Amino acid sequence: MKLAYYPGCVAQESGKELDMATRWVCRALGIELVEFPNFSCCGSGFVDEANEVLNVALNARNLAIAERAGLDLLTICSTCQGMLSLANLRLTDPKVKARVDGALKPIGIEYRGTTKVKHLLRVLVEDVGLPAIRAKVRRPLSGLKVGAFYGCHLLRPGDEMNWESPEEPRSFEELLDALGATPVYYRGRVMCCGFPIQFVKPEVASRIAGRQIDDAKTHGADAMATPCPLCHISLDAYQNQAAKAVGHSLDMPVFHLPQVVGLALGASPEELGLARHLVPTESALGKIGTKAPA
Amino acid sequence: MAEETVSAKFEVYRYDPATDAAPRYQEYTLDLAPHTPVLTALLRIRAEVDPTLTLRYSCRSAICGSCAMRVNSKSRLACETQVGPELARNGRIVVEPMRNQPVLRDLVVDQEPFWRQYDAIDPHLILDPRHPMPEGKETAMTPAQVERFHETPRCIACAACFSACPAVEADVGFPGPMALAKLYRFVVDPRDTATQDRLLRIQPAGLWTCLRCHLCTEACPKDVRPSERIRDLKEMAIRAQGATENGSRHAVGFKENIRERGLLQESKLVRQTSGVAGLVSQLGQGVRIYRKKPEVLKSPHRIEGLDEVEKIYAALDREEDTS
């Protein structure tokens, strides 16, 4: 399987461990990642708020790059997935399409609307398939209770994202089960992490993040796992603030999606960049008989 | 022919703040046809099993919006939620009052916080007294003008969105999805003359606390799509006033930030949003993150084809294009 790899900004910057883990897992599963040094940022929802048509046009350019190469686009971020899918959808409005085409044609870019945008979670569950993944598990995550945390833009609006149930998604939990882990079901798994207002209203953002982490903890999770690096920033890098907001310690290790897959497939914690997390992952790694990197 | 029934197990939230120390969940089991609405089942419980069960309802036809409650944790109208699919996905039916509004008794909440936010946006047309409507004539709108707010009049004020909203849950000052969707309706109404004032007031009053998580759009039984109308409001507010709040500075700052290299310059964005004072207040956290993730201070590489990105901005990010 060959896909246009759209890492997004964070995985190329402060969330580099997500990129490391993605490459490791894709290599292990025979997914060829084709890189394009000309992809730009998806706008992360913020450009959409400032100028909707500009946001669609920037993403149409990204989609056109993959289209020209005849490849579907692989995202590793719920927000990138949401923004690129939304561009495809909004381009079905002839008025939006005309303005976007008007900006792209003079620079020699044409987007015909054929690029499919797929998040890694969906590729793993639908294209690679759980039986194939199960067969490659070298280090079953037995005894590890993991709370999946989906990230809003992978699921909602449900009629626009057009994948699994936005209220009762199952793909991540089924994947965790295939890896040998015990999925934890809790309300917070489909809620918001607070990230969009982390720098706008930090105290509200921390209350929201704290609530979801606390919910996972109350339901018995040893760790959380997310397919979105922005959720990871809220849940891991700002977990100390979230703990302050809920008034007690949380101590919740938070993995990126390909890190849990990589651990089960036999990657070392170093290869997955676990030392880069703000919240130590030792407690979770101890349960599956491996050690965190120094 | 007798209709096939299923055994439906209900767990219903019971609480009277005047007499109960804490809420409890009461179980009821009924044989029901799978298409029975949850509201009908609750009314049968009240009529045949337990007359003390308290709930609010009226039309039973998804028109009045009175019977919004949480069914298996989702905020929705009990009258249009059938027991069959709920049993299929959860094995039982947990019925609870809406969130974000204090419980008066059992499934009835005090909607005062919801209506207070609605009142605060002045939910009526504001006309210019110096230019009264011409006597005996209607103020006609074009189909295109009406089309701009075709979704919002469908709102039945059931408060399901208010109940589902994580920003309301974490910040009592946030207007909530319904009030903001209604505000949008008046802002784009060509007859209303207070557009600028409305946009000016809503920016500091919580517009930018919206997380665009779309939980409101998912909860809405009438497909009003509040989160998408809040997005429209944000763009209109920036256009009307520029970036005057942390939220609008963040959105505009982000747009300018990625224009420079094609990718996000993370630490620069914090400065663009919060200014130097904000940067200083985040210093401790920044150092913690930097120790593990030193890239946070580095600028990303310039993407190839940055000139194309610049030309897209030049074509679409002009003042006259953002209408």
Side-chain angles (χ1 to χ4, degrees), chain A residues 9-10 12-16 37-41 43-54 57-58 61 65 99-100 102-104 106-107 109 152-153 155-158 166-168 187 190-192 194-197 199-202 204-205 207-208 211 237-238 240-241 275-278, chain B residues 73-74 89 166-167 169-171 174 208-209 211-215 217-218 225 227-228 231-232 234-235 238 245-248 250-252 254-255 258 262-264 266 269-270 273-274 278 285 288-289 292-293 295-296 298 300-301 303-309 311-313 315-317 321-322:
Chain A
C9 298
V10 173
Q12 298 180 69
E13 300 173 33
S14 67
K16 212 176 67 187
N38 45 349
F39 278 146
S40 72
C41 171
S44 192
F46 296 110
V47 176
D48 185 44
E49 292 175 337
N51 184 337
E52 180 178 18
V53 177
L54 172 68
L58 291 171
R61 176 181 168 276
I65 291 168
R99 291 188 62 199
V100 169
L104 295 185
I107 52 174
I109 297 174
C152 298
H153 299 280
L155 301 172
R156 292 184 295 268
E167 298 180 333
E168 300 285 343
R187 170 188 178 242
V190 295
M191 295 294 287
C192 178
F195 179 79
I197 57 168
F199 303 105
V200 176
K201 286 218 166 179
V204 181
R207 276 202 288 279
I208 293 170
R211 210 163 285 217
Y238 283 84
N240 60 326
Q241 313 268 358
R276 298 171 48 85
H277 290 205
L278 273 284
Chain B
S73 84
K74 310 303 172 204
R89 84 182 168 95
E169 190 175 327
D171 180 3
F174 180 59
W208 294 98
T209 308
L211 300 147
R212 60 182 135 73
C213 68
H214 301 299
L215 279 158
T217 291
E218 220 54 66
R225 311 188 81 78
S227 52
E228 295 177 0
R231 190 221 67 83
D232 295 341
K234 287 174 175 172
E235 186 170 343
I238 292 172
E245 297 292 313
N246 268 2
S248 42
H250 196 64
V252 172
F254 198 103
K255 183 184 67 157
I258 64 168
L263 296 173
L264 179 66
E266 291 177 313
L269 180 65
V270 179
T273 304
S274 323
Q285 188 70 12
R288 283 187 74 244
I289 294 172
K292 294 283 190 176
K293 299 165 181 271
E295 300 82 1
V296 78
K298 285 194 201 133
H301 63 273
I303 62 159
E304 287 178 18
L306 188 61
D307 55 320
E308 295 169 0
V309 168
K311 282 174 186 154
I312 294 172
Y313 271 81
L316 290 176
D317 201 32
D321 279 321
T322 48

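Quantities reported herein were computed from a predicted structural model and do not represent experimental measurements. Order of the sequence lines sets the chain letters (A, B, ...), proteins ahead of strands, with each chain counted from 1.
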Chain A heavy atoms under 4.5 Å from Ile258(B): which part of the residue, side chain, backbone, both or neither?
side chain

Ranked by heavy-atom pairs below 4.5 Å to chain A, first place among Gly278(B), Ala167(B), Ala251(B) goes to Ala251(B)

When rounded to the nearest 0.5 angstrom, what distance separates NE2 in His214(B) from SG in Cys192(A)?
10.0 Å

Among residues at least two apart in sequence or on other chains, which ones pass side-chain hydrogen bond (donor to acceptor under 3.5 Å, both in side chains) with Thr273(B)?
His250(B)

May I ask you to name which of Ala57(A), Gly45(A), Pro106(A) has the most heavy-atom pairs under 4.5 Å with chain B?
Gly45(A)

Looking only at heavy atoms and a cut-off of under 4.5 Å, which of Lys311(B), Lys298(B), Glu308(B), Arg231(B) has the most pairs with chain A?
Arg231(B)

Note: vs chain A, highest number of non-hydrogen pairs under 4.5 angstrom among Phe174(B), Phe254(B), Trp208(B) is Phe254(B)

By side-chain hydrogen bond (donor to acceptor under 3.5 Å, both in side chains), which residues pair with Arg207(A), not counting sequence neighbours?
none

Distance check, rounded to the nearest 0.5 Å: Ile312(B) atom CD1 versus Ile107(A) atom CD1?
4.0 Å

Test your reading of the model: is there a side-chain donor-acceptor pair from Arg288(B) to the backbone of Leu278(A), 3.5 Å cut-off?
no

For Ile238(B), is it the side chain, the backbone, both, or neither that has a heavy atom closer than 4.5 Å to a heavy atom of chain A?
side chain

Tyr238(A), part contacting chain B, at a heavy-atom distance under 4.5 Å
both

With distance as the sole test, does Gln12(A) use its side chain to make a donor-acceptor pair with the main-chain N or O of Pro300(B) at under 3.5 Å?
no

Name the region of His153(A), side chain, backbone, both or neither, that has any atom closer than 4.5 Å to a heavy atom of chain B.
side chain

Most heavy-atom pairs under 4.5 Å with chain A, out of Glu169(B), Arg212(B), Arg225(B), His301(B), belong to Arg212(B)

Find out whether Arg156(A) and Thr217(B) are in side-chain contact, i.e. whether some heavy atom of one side chain is under 4.5 Å from a heavy atom of the other.
no

Would you compute the distance between atom CD of Glu167(A) and atom OG of Ser73(B) and round it to the nearest 0.5 angstrom?
8.0 Å

Determine whether a donor-acceptor pair (N or O, by modelled atom type, separation under 3.5 Å) exists between the side chain of Asn51(A) and the backbone of Leu316(B).
yes

In terms of heavy-atom proximity below 4.5 Å to chain A, should Tyr313(B) be classed as side chain, backbone, both, or neither?
both

NZ/NE/NH1/NH2 to OD/OE distance under 4.0 Å, Glu168(A) and Arg89(B)
yes

Honestly, the part of Arg276(A) sitting under 4.5 Å from a heavy atom of chain B is both

Which bit of Glu245(B) comes within less than 4.5 Å of chain A, counting heavy atoms only: side chain, backbone, both or neither?
neither

Relative to chain B, which segment of Pro157(A) carries a heavy atom at a distance below 4.5 Å: side chain, backbone, both, or neither?
both

Donor-acceptor pair, Gln285(B) side chain versus Ala237(A) backbone, under 3.5 Å?
yes

Partner chain A: residue of Pro166(B), Ser274(B), Ser227(B) with the largest heavy-atom pair count (under 4.5 Å):
Pro166(B)

If you count heavy-atom pairs under 4.5 Å with chain B, which of Gly15(A), Cys152(A), Ala205(A) comes out on top?
Cys152(A)

Among Gln241(A), Lys201(A), Glu52(A), Met191(A), which residue has the highest count of heavy-atom pairs closer than 4.5 Å to chain B?
Glu52(A)

Okay, Ile109(A) and chain B: the region with an atom under 4.5 Å from a heavy atom over there is side chain

At a heavy-atom distance under 4.5 Å, which candidate from Val204(A), Val200(A), Leu104(A), Ile208(A) has the highest pair count against chain B?
Val200(A)

Counting heavy-atom pairs under 4.5 Å with chain A, the top scorer among Val296(B), Val252(B), Val309(B) is Val309(B)

Are side-chain heavy atoms of Val10(A) and Glu266(B) found at a separation under 4.5 Å?
yes

For Gly158(A), is there any backbone N or O sitting under 3.5 Å from a side-chain donor or acceptor partner on Glu218(B)?
yes

